[in-house]
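In this chain, numbering begins with 1 at the start of the sequence shown. Order of listing sets the numbers, starting from 1, for every ligand and every atom in it.
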Amino acid sequence: MFVYADNASTTQPDERVYDAMKPYFMDVYGNSSSLHAMGRNALAAADRARGLIAQSINASDSEIYFTSGGTESDNWAITGVAKALEGKGRHIITTSIEHPAVLNSCKELERQGWEITYLPVDSVGLIDLTQLERSIRDDTVLISVMWANNEIGSVMPINEIGRIARGRGVYFHTDAVQAAGSIAIDVKHNNIDLLSISGHKLYGPKGVGVLYKRNGVKCSSFMKGGEQERGQRAGTLNIPAIVGMGEALKYACYNMSDDNAKIKSVRDYFIRRVRADISDVKYNGPTEDNLRLCGNANFTFNNVNGDVLLARLDMEGICASSGAACSSGTSEPSHVLLAIGASEDAARSTLRFSWGKYNSMEEVDYTVDRLKAIIAELRESTTLFKTIKGEDKYV
Ligand SMILES: *Cc1c(COP(=O)(O)O)cnc(C)c1O
């Protein structure tokens with residue numbers, strides 16, 4: 001059996017999205033800046049996608065900019081606002097559990113003399129609003145808080161953050177890459193000034209994203225070049241990907257409550273079975289439904305090396321993740337798990353299973369059966385290793 005339980009890393013494209021993209025590879029391949037008919041058709045396709053996206057998040061078409069993905073949208077929002085407002089102040093507030101696209105943009109600004117406040121999070125990965133309010137200063141120009149966390153699925157109090165930011169006249173950016181498609185987004189209701197989305201996290205194509213920039217928000221252009229995207233983001237538009245992005249968000253919004261109900265039942269069944277069948281596990285992140293993404297399950301399997309477990313699951317056809325996909329390959333324990341108070345050992349014994357709309361209960365059964373057997377085997381060899389070496393370590 002093959003089980004893809006890594007939907008927070010990327011998702012299997014929806015067939016309908018793929019079908020909608022196809023004509024824009026081989027038939028309507030014109031440059032959307034060209035004035036001839038094929039160029040105009042390409043531009044019309046991009047503008048239809050723009051309309052779908054604007055409608056999905058309650059924005060205007062003129063507030064939607066296409067980018068190369070969530071990473072670029074995050075980089076643009078943070079460095080663009082920083083550049084545009086550096087005369088006003090050089091302080092930014094973010095959190096300690098952001099995606100590296102946000103964290104590393106902030107670190108780069110720090111090297112240029114900016115001050116960044118990294119708000120801590122509680123034991124389930126949520127910020128404290130009083131602490132947020134207290135950290136706003138006269139020279140604060142931006143608050144960037146992710147809507148939902150990619151590792152532990154925690155959902156931040158976006159509405160309250162938006163209200164606080166707007167009340168203090170500070171721009172509010174949110175990385176909504178994990179939230180989009182799973183939580184209804186209304187940029188007006190939530191007082192959001194800038195918002196990042198990525199196509200491939202919502203059953204769309206990779207390499208395309210959106211930055212929503214509220215009309216009037218001061219944020220410098222990102223790519224320098226031609227006049228594409230109202231002169232704000234140069235470069236020939238990736239029409240097939242943009243068409244796919246629009247369709248993906250459209251379907252995600254149309255089917256959100258049905259998809260979420262299905263995904264949640266699969267995820268909850270997984271949690272129940274892990275708890276019943278495997279000893280010495282800790283469930284990380286919020287337990288309340290309204291505070292957690294419906295597909296996310298994050299478990300620490302004590303005395304098991306997460307990377308070894310991941311590799312063994314892979315051999316059985318099961319795709320999961322240790323830490324975040326973007327940080328794995330490094331031996332650093334997850335900054336998110338450390339931020340919620342996990343020890344380095346615990347962080348290294350942790351796996352994320354992110355369930356999606358194509359998963360089934362049978363896949364959960366297979367996954368937990370394999371997980372149970374592999375963990376028993378690994379723990380047994382750990383005990384053996386400890387006995388032989390007399391060391392309190394595991395392999
Ligand atoms: C995946 C992800 C990103 C990066 O998006 P890409 O399109 O892969 O560049 C940013 N933020 C979060 C929370 C993500 O999960």
Side-chain angles (χ1 to χ4, degrees), residues 4-13 17 49 53 64-79 94-108 118 121 125-127 144-156 158 161 173-183 185 192 194-212 222-223 233 235 238 240-242 244-246 248-249 252 285 292-298 319-329 334-337 339-340 352-356:
Y4 187 76
D6 197 17
N7 289 276
S9 294
T10 197
T11 48
Q12 179 188 339
V17 170
I53 291 160
I64 303 299
Y65 297 86
F66 291 110
T67 67
S68 67
T71 299
E72 184 186 320
S73 298
D74 286 344
N75 273 257
W76 183 4
I78 292 163
T79 59
T94 186
T95 82
S96 54
I97 64 166
E98 297 296 312
H99 187 273
V102 168
L103 285 180
N104 289 335
S105 296
C106 289
K107 296 234 173 74
E108 176 63 26
Y118 298 93
V121 292
L126 297 169
I127 61 164
S144 179
V145 176
M146 69 196 327
W147 198 312
N149 182 267
N150 44 311
E151 292 188 44
I152 53 172
S154 52
V155 176
M156 295 288 188
I158 290 303
I161 299 169
H173 164 251
T174 184
D175 174 340
V177 171
Q178 291 289 331
S182 170
I183 296 171
I185 294 177
I192 294 164
L194 303 116
L195 173 138
S196 309
I197 312 180
S198 172
H200 72 100
K201 303 285 175 80
L202 35 90
Y203 309 95
K206 294 166 187 69
V208 65
V210 159
L211 180 66
Y212 154 79
F222 195 64
M223 303 280 274
R233 200 281 187 185
N238 182 351
I242 287 168
M245 168 93 229
L249 192 58
R292 187 170 191 132
L293 291 175
C294 61
N296 175 289
N298 186 299
C319 306
S321 167
S322 61
C326 24
S327 327
S328 45
S334 148
H335 69 287
V336 175
L337 291 164
I340 60 170
R352 174 189 71 191
F353 295 81
S354 41
W355 301 95

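Distance check, rounded to the nearest 0.5 Å: CD1 of I185 to CD1 of I158 gives 9.5 Å. Atom OH of Y212 and atom CD1 of I53 lie 14.0 Å apart (nearest 0.5 Å). Expressed to the nearest 0.5 Å, how far CD1 of I197 lies from CG of D74 amounts to 11.5 Å.
For the pair E72 and ligand 1, the shortest N or O to N or O distance does not fall below 3.5 Å. The distance criterion of under 3.5 Å between nitrogen or oxygen atoms is not met by V177 with respect to ligand 1. For the pair N150 and ligand 1, the shortest N or O to N or O distance does not fall below 3.5 Å.
Below 4.0 Å from some heavy atom of Q178 lie the following atoms of ligand 1, by number and element: 13 (C), 14 (C), 15 (O). Atoms of ligand 1 found under 4.0 Å from any heavy atom of D74 (numbered from 1 in listed order, with element): 10 (C), 11 (N). Those atoms of ligand 1 that come under 4.0 Å of a heavy atom in H200, given as number and element, are 6 (P), 7 (O), 8 (O). Each of the following atoms of ligand 1 lies closer than 4.0 Å to a heavy atom of G69: 7 (O).
Between the side chain of T10 and the main chain of H200, a donor-acceptor pair closer than 3.5 Å is present. Side-chain atoms of T67 come within 3.5 Å of backbone atoms of G69 as a donor-acceptor pair (strictly under, hydrogens ignored). One N or O on the side chain of N298 and one on the backbone of E151 form a donor-acceptor pair closer than 3.5 Å.
Side chains of N75 and S105: a donor-acceptor N/O pair is present below 3.5 angstrom, by distance only.
Of the heavy atoms in K206, none comes closer than 4.0 Å to ligand 1.
Selection from E151, H99, K201 by nearest heavy atom to atom 1 (C) of ligand 1 gives K201.
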